[in-house]
Structures are given as structure tokens and as C-alpha cells.
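This report concerns only the one structure given below.
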2 protein chains.
Amino acid sequence: MDEATFLKTYDKRKFDTPLISVDSTLFTYHDHQLKVLLVKRSNHPDLDLWGLPGGFIDMQQDKSIRDTVLRKLEEKTKVIPPYVEQLQCVGDANRDKRGWSVTVCFSALIAHQDCEVGIADVSDAAWVAVDTLKDQTLAFDHQAIITVALERLRQKALYSIVPAYALPEQFTLPELQQLHEVLIGKTIQKKSFRRRIEQAELLEDTGEKRYEGGRPAALYKMKEASGEYTFVRNLEG
Amino acid sequence: MDEATFLKTYDKRKFDTPLISVDSTLFTYHDHQLKVLLVKRSNHPDLDLWGLPGGFIDMQQDKSIRDTVLRKLEEKTKVIPPYVEQLQCVGDANRDKRGWSVTVCFSALIAHQDCEVGIADVSDAAWVAVDTLKDQTLAFDHQAIITVALERLRQKALYSIVPAYALPEQFTLPELQQLHEVLIGKTIQKKSFRRRIEQAELLEDTGEKRYEGGRPAALYKMKEASGEYTFVRNLEG
DNA sequence: TGCTTAAAGTGTCATAACGACACTAATAGA
DNA sequence: TCTATTAGTGTCGTTATGACACTTTAAGCA
């Protein structure tokens, strides 16, 4: 049998395959706290529990997994976050009561102000401070997924400025430093932090200043070029 | 409807879901070359092309994705590699001619001598030097997957000693250094390299020596404790 | 036995990165 | 114009890193 004939007669529905979904941990920084977006489940299983935004791949709508992730995030926030990164894949026989289930986990960052509105009119979504999470029971293994996402973000705070995507487009260095300090859980030397920023050459001085308190702080934004790592480093490109 | 009733009546076969598979890039170091294990496809599509060892999840046999990966690798090599790491997941509508397909990619390392025998009696598997790969046409997007796996392994050569898992259980530092040099594509200062090794405290002097050439070289092995990062850092534990 | 060759392994110095901390700069408000 | 407040810089001592010469331990051989 040649390949063309094979493909014509191939029907994958003959096989019983695992469920496959995506789940995103969307972080933001607000009120001096790191928060994640949680969504109240409106379906079984784990009905009414809070969990991560995500869902099943729609083979008609989605051309790739990335499409699924962005579609699901947009449904909840009305916007597409500037940073989305694939975390890892989890799959086993027990994580979902419906049976063998695989989920592709993503970590994303967005400025709080950029999706405040979007969330307001979806009453089943909420920003939850990560510190208050340990007490809650979340759907499926979402608690564990968040833990991994958080750990990874913390690592990034040490050697990159990726966390900046959790801030508005323009931000001051003291703001960014504060975020990093919240992430790694201790204070950072101002000088060391700024040296790292400068060396990375990923930020651009907008020329504008923010006036509040004492000396005004310079407003920075991400350079265009840093776009190369704003997205899933995957096989698509 | 309560959850129990829901689960009883739930039939996921109603939904048409993507194909889901795993693929592993198994590296080894032999003859001063980095090699990957390739397998000749015995089924459509891409029949007779070489590709990565992998396959579909068997929901009966496999309790988790890790089980699937190890099972597939063991089928080809008769052994379980000492280092297996999840790389990333790729999924889209076109990577497999059969339709929407998701694959979870893994990177693994093994000593050449530990699976020479295993491969010998599976004539459809072969070690291929990565340098000779660019010319070949591989099945699906496996070429791209290998590129990503290789890139990641190269990164690891810079700041870790993970590549050591591509060597036999006991090895000398000059051997390990040579492997690292092949990976990063340039020579490394002996002293710098050894300093890093020492600081990491992941290797243990076995007390034995290897005699060949000039002064005998001390044989080292991984400390037990380094086992913590020999496996998929995943949500299972 | 001692010389040569070869490869393993160490000592050391100049340079670069990093933490600590004191200093200067720019604003608001009294 | 003085003070409080926050932003941003200068500088020094310590630590990590690269370069390279040196010592060590074996084999082979006169």
C-alpha cells in the first residue's frame, strides 16, 4: 500500500487517545504582589473549583498549540499577553478523573492594567495573589503547575528581565527592581541590578520621566529586538 | 447532574482529538563525535525514512508520559538511559500527514557502550553523527526537534556537567572536557573546566586510574545525589 | 637506571564581574 | 532656601574567570 492510499483509509478515531488540553499560568504584578489569573470551572469535573485558564484544542479553529493557548487566554482577558512561554507537558492516567489526560502548560505575563477591564466583565475570573494560594484547593493538578511556573519565573528574575513583561509597557527601573525583589524574596543591590540591566541592553530609555515622591525616575521600555524572546521558543520558527 | 453521574456517562470518544505521541533525541558520544539514535520507520506515513525513536501513548501499559518515553527507548536500546529530560511539546495541524498531531519531545543521554549490544539486534536503528545529519531528510519535523535538543545540550555544556551522562559510568576529566569541547565547538581551558567541576561538587573520585599515554588520569563518577537531576523535572515529584 | 615523551593535573597572575555602601542629583513641599 | 524623599552613580574590596607556565606521573627505550 502506498502512502496516499494509507492516508485515505486512515481513521484515527479507531484509536482511543488521551484527552489533550493546554493550561496557562498568567502572572501579573499589582499592589506589590505577584498574582495569577484563576478561572472558576463551569463544567465537571471539579465543577466550581478555581483553576488555570485553558481548555481543549479545537482542531478547526487552532492551527497550532500556540493558537489554542492564545485563544483561551483571550477569551478570559480580551487581550493577548506580550510574553508566553511553554513550560512543560504533564500527562498521566490519573490527573483528570475522565481518564488519561495530557496538558501542555504555559507561563505568561501581562501588565495588570492591560486586562483589568477584560476580566471585570467575566465574573468567573480573578487575580489571586500567589501568597494566598497555598490554602486553596485548585482543580486538577493546577496547584502543582503553578508551583513549577512560579519557580521558573523566580529563576528568570535572577538572570533575565523577562519579569518586565508583567509591568506596563513603560516602567521605571525601581519598579522593575521591586518586582524582582518580590520574586526572589530578598532585596537586591540597586547598583548590581542596574548594571545587569545595562549589560543586557534589552531596555530603552524613553526619555520620559515619572514624577512621584523624590527625584523623577526615567521610564524605560523593552527594545523591539527583545521581541525575539517574547514568544514561545518552539519549532514553528 | 453530580460529578459521579457525569463521569459515568462521559465518553471522550465522542470528540475527535489530535494524535499524541512522544519522541526522544537520544545522544551519545563515541569516536570523538556526538551521535543521535535514529530509527527507520516501518509504517506509513514517511515509511522508510529515518526518524526519532518514539511512538504513541499506550493507555493500558503507560501510567504516565514518562513511562511511554522509557518504554519506547527500551524497545530500541534494551536499556533505560540515565538521563532523560523533557524538552518541549510541538503540536499543529500539519506536522503529521494523518492530521492534527501533538508530540512531547524528550532529550536523553546514554553511554555508547551501554547500548551497543541492544542496537545490534535491531537492524533498523543506528547511531548517526550529528554533523552528518543536515544532509539527510528525516521523518516529520524530527530534524527540527533534533536541532532544538542539540541547542539545549550545548547550553548545558556551558554551565553544567549533564553531558557526562553520555559517557560510561566512570570517566576521566579530560574525556569529559573533550566532550564539552565538541559540544560547544571550541577548546576550553583545562584549569577553568576543572574549577567548574570541582565547584559543582557533583563528581566523585573513584580512586581508580586509567592508564594510557602519559600520566594516568583519575576516574570519576557521578555522585549519588546528582540523581536529583537525572530525571525529568516534572510534576510527578 | 636514567632520559625522553606524553598526557594529567596545579600555581599564579592579570582581568573582569559582583556585592556593599557611601555618595551625588533632582524633585516636592514646607 | 531648607528638608525629606526617591533616583541614580562612584568606588573599593572580594570573588570568579581566562591565560599560561609549571609540576607530576606514567610508558618506552637506550
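Residue numbering restarts at 1 for every chain, and letters A, B, ... go by the order of the sequence lines. Everything numeric here is computed off the predicted structure, so don't read it as measured data.
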Starting at [atom1] of [X] and ending at [atom2] of [N], how long is that distance when rounded to a whole Å?
X      : N      : atom1 : atom2 : answer
B/E198 : D/dT17 : CD    : C1'   : 15 Å
B/L158 : D/dT17 : CG    : C1'   : 14 Å
A/E181 : C/dG19 : CD    : C1'   : 14 Å
A/Q178 : D/dA7  : CD    : C1'   : 13 Å
B/Y211 : C/dA7  : OH    : P     : 17 Å
B/E212 : D/dG28 : CD    : P     : 12 Å
B/Y220 : C/dA8  : OH    : P     : 12 Å
A/E175 : D/dG8  : CD    : C1'   : 16 Å

Candidates [options] - which lies nearest the side chain of [X]:
X      : options               : answer
A/Q199 : D/dT17, C/dA17, C/dG9 : C/dA17
A/Q189 : D/dG8, C/dC21, D/dT25 : C/dC21
B/A217 : D/dC20, D/dG8, C/dA8  : C/dA8

(Q) Need to verify one output field. Residue with the more 5' nearest nucleotide on DNA chain C, A/R196 or B/L173? (A) B/L173

Q | Nearest-nucleotide 5' precedence on DNA chain C, B/L219 against A/P216 | A | B/L219

Q. Do the rings of A/W127 and A/H112 sit parallel, tilted or perpendicular, given the 30° and 60° boundaries?
A. tilted

Q: Given side chain to side chain donor-acceptor pair (under 3.5 Å), test B/S21 with B/T103 step by step and report yes or no.
A: CA-CA 5 Å; B/S21 57; B/T103 193; 3.1 Å; yes

(Q) Less than 4.5 Å apart, side chain to side chain, heavy atoms only: is that true for A/H180 and A/F193? (A) yes

(Q) Check this one for me: any side-chain N or O of A/Q177 less than 4.0 Å away from OP1 or OP2 of D/dA7? (A) no

Q) Taking OP1 and OP2 of C/dG19, is either one under 4.0 Å from a side-chain nitrogen or oxygen of A/S192? A) yes

(Q) Could you check whether the side chain of A/K191 and the base of D/dG10 have a donor-acceptor pair of N or O atoms closer than 3.5 Å, going by distance alone? (A) yes

Q) Between the side-chain atoms of B/K190 and the base atoms of C/dG9, is any donor-acceptor pair under 3.5 Å? A) yes

Q. If you pin B/R215 and A/R195 to their nearest nucleotides in DNA chain D, which one's is more 5'?
A. A/R195

Q.
For A/R194 and B/K209, find the nucleotide of DNA chain D closest to each by heavy atoms; which residue's nucleotide sits nearer the 5' end?
A. A/R194

Q: Step by step, work out the side chain to side chain donor-acceptor pair (under 3.5 Å) result for A/T172 and A/R210.
A: CA-CA 8 Å; A/T172 67; A/R210 171 165 307 159; 4.8 Å; no

Q. Using 4.0 Å as the upper bound for N to carboxylate O, is an ion pair formed by A/K63 and B/D92?
A. no

